Amino acid sequence: MNHDGRPPEGFAPAGRTSLWAARVRLALRSSRETWRAFAANPIGVVGVAIILIFGLMAVAHPLLMATLWDPTTYDPVTGFGFDEISHPAPPSWRHLLGTDPLGRDILSQLTASTTSAFVLGLVAALVTVGIATMVGALAAYYGGVVDAFFMRLADLIIILPTISLLIVLTALLGLNLFQLALVLGVLGGFGGTAVVIKSQALSIKVKPYIEAAQLAGGGPWHIILVHIVPNLLPLSLLYMMFTVTGAIFSEAVLSFFGILHIRMSWGIMIHTASTGGYLLGGASYWWLIVPAGAAITLLCSSFYLVGRALDEVVNPRLRGR
Amino acid sequence: MHRPDMDPASPAAAVPLVQVQSLRKLFPVGGGMFRRARRFVHAVDDVSFTLQRGESFGLVGESGCGKTTLGKLLVKLQPPTSGQVRVAKISPGAIPAEQALGWWDLARLKGKELKSFRRQVQMVLQDPYESMNPRRTIYDTVAEPLAVQHLGDVCERLDRVSQMLELVRLTPVASYLFRYPHELSGGQRQRVAIARALAMEPSFLVADEPTSMLDVSSRTAIMNLMLEVGQRLGLSYLYITHDLAVARYMCQRVAVMYLGKLVEVAETEELLRNPQHPYTRALLSAVPVPDPAHRRQVEVLRGDPSRPVDPLPRCRFYDRCPLAVDHCRDTPPPPLEAKGTDGHLVACYRV
């Protein structure tokens, strides 16, 4: 397929390797640019910092259990603070955040729960965004019956009272953490997020470069995967951040009702304090509630903050304002 | 790949490449899931013409007259409401006099057939700013047809893309390959769009106002480029424009379109020297002449083009025509007929 067989000027006889090298360079450059735009916004940097702190906590727990913390005293579920006269004990040097009514170390519980919060949030968000992006792209591209089906399904899911539904599901099936993440992800993915992403996909579908792809001979899957989905990804990423928040929050609510099959979580910590009647004691037993409550609030809001900052990077209308 | 035997005026080249038979495209107005549309925009209404191999055919008309829709029908970006489009199958690199391998019937094209049709027929879209995916590099954009059609491996595609970029004078090639569209100017983007359309060596190219979004300084460059590349690759063009000067520069034959219908078809010079249809005359009299002493006789047109929604069954130009008589109002639109010298077709009862 030569025109005149003359090699192009200024172009080394390249190959696969230089092509991939160029791609990697480009990816690095664009991620640097994105980070610069993101870092210009203090909201996002604060969010990332909080997420990093929680990440450190999640890493620290198994390390502490292996070194400083004796499992018989410090295990988040089965440990017991033998040195205290009564439980719940207020913060002391031995138990930095005190102990709960069953004599377990609060700090150990707090750090042990971080991992599950992350796993739950990220799995739910990935499932949500994966489903929502594909559903949105398909509904927008094919329109007609496909569109009507997915959008009515989304309406149906949006009007379902999520928490009540989850309570019923956990009662029937006995959900563990991973299953809960899947359920939340599927509900979000076929629900509201799909509607938002579809509306964005509609505006991409009518761009002339979609016609150009058709002219090239590209089929529906080529157009959806190469042209529509990559242009949806920024918005998807944004909704992923918001979904993490929702998932962590739902878990806390369900654990507070004491119906999830989870070893330890922030919701269970509050549940323990609540069933012991300590929530009624006002501020006198603050260490039972404040650490877990603050952790839920902080982690949720940090993902939300990152989402807001990403919104400004992704959304040209908000950029540079 | 210059072809000296490719003189379009020679009789050997008079082999039909595209045949359009009473093509019609109606767009519904309103309507929805439960309500059928009752009113239709007649974007392309009973259009027939033949485009010869190696020919550059101009399509002139004002905004909204259906030029772009006609172009999109010819490349099967949109399905026609009725009518037929046939394109001759030509093996790449065939000489013009060579017999075609058969005909593509656009209405029946799908799957593999459609894919190989795409290799032969390409289109340059109007808007160079929106016709490229902002997340893909110039290399990806130009290589897309090759990748989709599974032509060559990665290295061959890279070579091919480099050749195409050189052909459209985006040099040094290496500095353009891995840039994003937003880093290029309008003229450069249009060159990329042309390179993409030409990457598969098509034999027929629909160019939809490729210069209208560009500033005047880069227009001539793009037009010269297209002429030169067309010569070199033996391309046939359907060149859509609203600018008669551009049509004169680019095309051997010109069709004038008004509200979905072809009103006049002729050799470019013949059309400009001897316009027959009152609309063509009005168009020509509106072309500016760079001579302050020039006093022209302006053909006055009344009003604006009427909306092409369910037009009455009469000449589309009746409302504005200086020659209109009752006959024009009471009879269906005039057919496109040979008037006067050879090949000059006019759709008018009064000339």
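Just so it is clear, the structure is predicted and the values come from calculations on it, not from any experiment. All values below come from the heavy atoms of this structure, side chains included, with hydrogens, waters and symmetry mates left out. Chain identifiers are assigned alphabetically (A, B, ...) following the order of the sequence lines, protein sequences preceding nucleic acid strands; residue numbering begins at 1 within each chain.
- Separating the CD atom in A/Glu211 from the CD atom in B/Gln126 is a distance of 10.5 Å, to the nearest 0.5 Å.
- Neither the backbone nor the side chain of B/Phe117 comes within contact range of chain A; no heavy atoms are under 4.5 Å apart.
- When heavy atoms are compared at a cutoff of 4.5 Å, B/Arg179 does not approach chain A at all.
- Looking at every heavy atom in both residues, B/Pro145 comes nearest to A/Ala216 through CA-CB, 3.6 Å.
- Of the two parts of B/Arg196, only the side chain, counted from C-beta on, holds a non-hydrogen atom closer than 4.5 Å to a non-hydrogen atom of chain A.
- Crowding of A/Phe249 atom CZ: a count of heavy atoms from other residues, nucleotides or ligands under 6.0 Å not exceeding 12.
- Taking chain A as the reference chain and counting heavy-atom pairs below 4.5 Å, the highest number among B/Val124, B/Asn133, B/Asp127, B/Leu125 is found for B/Asn133.
- The closest side-chain heavy-atom distance from B/Pro134 to A/Tyr209 is below 4.5 Å.
- Contacts of A/His222 with chain B are made by side-chain atoms alone, with heavy-atom separations under 4.5 Å and no backbone atom involved.
- Proximity to chain A (any heavy atom under 4.5 Å) is restricted, for B/Gln149, to the side chain, taken from C-beta onward.
- For B/Glu144 (side chain) and A/Ala213 (main-chain N/O), no donor-acceptor pair under 3.5 Å exists by modelled atom type.
- The side-chain heavy atoms of A/Leu233 and B/Arg135, taken from C-beta on, include no pair separated by under 4.5 Å.
- Using a 4.5 Å cut-off between heavy atoms, B/Thr141 makes no contact with chain A at all.
- Heavy atoms closer than 4.5 Å to chain A are found in both the backbone and the side chain of B/Met123.
- Note that CZ of B/Phe178 and CZ of A/Arg29 are 11.5 Å apart. Values are rounded to the nearest 0.5 Å.
- Looking at heavy atoms from C-beta onward, A/Gln214 lies out of side-chain contact with B/Lys76 at the 4.5 angstrom threshold.
- Here the shortest heavy-atom pairing between A/Pro208 and B/Ser131 reads CB-CA, 3.8 Å.
- Contact annotation: the side chain of B/Tyr139 approaches that of A/Arg23 to within less than 4.5 Å [non-hydrogen atoms, C-beta and beyond].
- Judged by distance alone, with hydrogens and angles left aside, the side-chain atoms of B/Gln122 form a donor-acceptor pair with the main-chain N or O of A/Leu215 at under 3.5 Å.
- In this structure, A/Ile210 CD1 and B/Leu77 CG are separated by 12.0 Å, a value rounded to the nearest 0.5 Å.
- Proximity to chain A (any heavy atom under 4.5 Å) is shown, for B/Leu114, by neither the backbone nor the side chain.
- Separating the CG atom in A/Leu26 from the CG atom in B/Asp140 is a distance of 9.0 Å, to the nearest 0.5 Å.
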